[in-house]
Amino acid sequence: MLTIHNNLSKQKETFKPIDPKNVRLYVCGMTVYDMCHIGHARVLVVFDVIYRYLCEIYGKEHVSYIRNITDIDDKIIARANENGEDFNDLTGRFIDEMHRDTAALNVLTPNEEPRATLHMPAIIEMIQTLVAKGYAYAADNGDVYYDVSKFTDYGRLSGKNIEDLRAGERVAVDQAKHDPLDFVLWKAAKVGEPSWDSPWGAGRPGWHIECSAMSTGCLGNHFDIHGGGMDLQFPHHENEIAQSEAATGEKFVNVWMHNGFVRVDEEKMSKSLGNFFTIREVLEKYAAEVLRYFILTSHYRSPLNYSDKHLDNAKAALNTLYTALRGMNLTAEVGLDEAYVARFRQAMDDDFNTSEALAVLFELAKDVNKLRHQDESAATVKAVTLKQLADRLGLLQSDAEAWLQGGGVGDSRAEGLEAAEIETLIEQRNAARAAKDWAESDRIRDLLAEQGIILEDGAGGTSWRRE
RNA sequence: GGCUGGGUGGCAGAGUGGCUAUGCAGCGGCCUGCAAAGCCGUGGACGGCGGUUCGAUUCCGCCCUCAGCCUCCA
């Protein structure tokens, strides 16, 4: 029985899809004007694992996963101007870069990745509906605003009330708004800005409305799960609720999920603070799977502190799992160890407790190591189970030998010895060992160690890996 | 100031009203020519002060402290 922490109720609830056989999931994706950073990686990986698990329960063809792309907003326009290029060229380029990152991280492709600029009619139509219903007004400056005072439930998701928000007075007063809390649905275009025609003149949509229009457009007025980063809870998701429920007259979303932040030195990593690392930067030093594993070590709602040391730790942990799989027949047609499968599912059923799920993987690895020289068929069952469960998390996707010999490092790994050279040296060393020439044997081993190559003499011969 | 979520062993990170998390690192042992890997064993923890309880790291209160949101941000 899957339970999910619903941010709307602030508690864990048993998950029941609106349509018992089909699940509908929407996640707020990227604004594409720059490379994705580790915070983006976390959303991508966290919801990828959630998506995979929902597919496991309901069947892949019964889960609709939508992750939008914001491809028009102030920052995109500003960046395109800085670069002196058309904003479409900019966004197109960074959409490609994002897809390169998601592929590297083994993030599955959603059913759809709707883009704001390709859904203008639906966006404009929703704004028209809001104006017609009295929830929105066109201001003197050509902008259209949502009238927050008209939506009685405003603030429910983020635990705020309108009075407190007003008391905060941190919202800069915009003369065109009736109330500082009102937010923009349609922005009138300034000269030279990209724009679309609308009943209120040329302009572009506000950020929040695109998600209301595209999510309901893709999934229907009322769907199951809506996710995104913690920071989107307010105002973005709050505003989405206000827009969607006012426009459709129906409940918008049953379950709201928000993942925690990535931190650097105990501080939020963000573009505005400038303390961020791009996914690409990390992949130069570490294999993508190390980053993916690192993200899954903590619960999705907890903060995740980023550092090289933690990634080194993640790499070492992955090596342990791969070492257990090395030499095992993973394509053997054997049943799974159902006790472990049950424990894995129990962990995932508990609000996607990936740390607990990973612990199950390590216990399986230990079993494999224990049994491999005693009871090969029993060990194979454990190994196959380990591989299968890891698949469900999108982990252990490499061949174990290839992983260990590759060293779990990223794209620009320091070039070392070729495999053939290493094999030759190992042969020389083994000849020395056969002659009990330990000095020579150790000399070769030390030589290789200097190159980051670690030898392991086993019953079946000498194997090697990169540290 | 308002609201939210945290503070767990050297580090990371789950969890539980009494019973081993797990990983990395450490220590002892087995294995090995010696190592490495693996296995066995082992030490070490629940921010502080009260309260509830037979018993609290786990529930309640207060305090300290950290982070986040209240403004674009995953």
Side-chain angles (χ1 to χ4, degrees), chain A residues 7 10 27-31 34 36-47 70 73-75 78 155 158-161 163-172 181 207 227-236 238 258-263 266-273 276 293-294 296-299 301-305 307 309-321 323-324 326 347 350 353-363 365-366 368-374 404 433 436-439 441-442 445-446 449 454-459 462-465 467:
Chain A
N7 253 345
K10 307 273 183 266
V27 171
C28 288
M30 300 326 125
T31 299
D34 209 338
C36 292
H37 57 64
I38 314 233
H40 297 122
R42 191 174 192 192
V43 200
L44 292 166
V45 169
V46 158
F47 283 99
T70 297
D73 86 328
D74 291 353
K75 284 181 180 157
S158 52
K160 302 182 188 309
N161 61 61
E163 290 70 42
D164 286 347
L165 287 168
R166 289 219 175 86
E169 290 224 343
R170 290 184 57 189
V171 184
L181 298 182
W207 175 37
M230 281 297 299
D231 51 345
L232 298 186
Q233 193 172 338
F234 187 91
H236 184 55
E238 198 70 70
H258 296 101
N259 66 273
F261 278 115
V262 176
R263 294 190 203 167
E266 299 302 326
E267 190 176 43
K268 172 183 171 179
M269 175 164 83
S270 75
K271 288 186 179 171
S272 32
L273 290 172
F276 65 92
Y293 176 90
F294 168 66
L296 297 180
T297 52
S298 78
H299 186 84
R301 284 190 286 116
S302 303
L304 182 64
N305 221 343
S307 73
K309 189 183 139 210
H310 295 159
L311 284 202
D312 287 340
N313 195 317
K315 183 173 122 182
L318 265 181
N319 280 350
T320 300
L321 294 176
T323 301
R326 179 158 58 168
D350 183 15
N353 189 337
T354 50
S355 342
E356 197 71 45
L358 289 174
V360 173
L361 264 45
F362 282 97
E363 289 178 33
K366 181 164 266 199
V368 173
N369 289 332
K370 252 189 281 197
L371 292 166
R372 67 193 311 156
H373 296 307
Q374 299 162 23
L404 292 166
R433 290 175 69 214
K436 296 202 189 305
D437 183 354
W438 308 128
S441 166
D442 290 350
R445 186 170 60 197
D446 292 345
I454 297 167
L455 300 187
E456 293 168 5
D457 297 326
T462 302
S463 55
W464 61 275
R465 63 188 166 91
E467 64 182 353

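Chain letters run A, B, ... following the sequence lines, proteins first, then strands; residues in each count from 1. Below, all heavy atoms of this structure are taken into account, side chains as well, without hydrogens, waters or symmetry copies.
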Asker: What integer number of Å spans the C1' atoms of rC54(B) and rA45(B)?
Answerer: 24 Å

Asker: Once you apply the 3.5 Å cut-off to both distances, tell me the Watson-Crick or G-U wobble partner of rC49(B), or none.
Answerer: rG61(B)

Asker: Thinking salt bridges, do Arg326(A) and Glu456(A) make one under a 4.0 Å N-O criterion?
Answerer: yes

Asker: Searching all strands shown, indicate the nucleotide that pairs with rG44(B) (Watson-Crick or G-U wobble; both distances under 3.5 Å).
Answerer: none

Asker: Using both distances under 3.5 Å as the test, list the Watson-Crick or G-U wobble partner of rA37(B), or none.
Answerer: none

Asker: Taking the nucleotide of RNA chain B with the closest heavy atom to each, which residue, Ile454(A) or Arg301(A), is nearer the 5' end?
Answerer: Arg301(A)

Asker: Judged by each residue's nearest nucleotide on RNA chain B, which is more toward the 5′ side, Lys370(A) or Asn161(A)?
Answerer: Asn161(A)

Asker: Any salt bridge between Lys366(A) and Glu363(A), counting N to O under 4.0 Å?
Answerer: no

Asker: Report the nucleotide, chosen from rC24(B), rC73(B), rG68(B), that has the shortest atom-to-atom distance to any side-chain atom of Asp231(A).
Answerer: rC73(B)

Asker: Distance between the P atoms of rC64(B) and rC49(B), in whole angstroms?
Answerer: 15 Å

Asker: Could you tell me the Watson-Crick or G-U partner of rC69(B), where both distances fall under 3.5 Å? Say none if there is no partner.
Answerer: rG2(B)

Asker: Could Asp457(A) and Arg433(A) be called an ion pair, given the rule that one side-chain N must be under 4.0 Å from one carboxylate O?
Answerer: yes

Asker: To the nearest 0.5 Å, how far apart are NE2 in His236(A) and OG in Ser158(A)?
Answerer: 13.0 Å

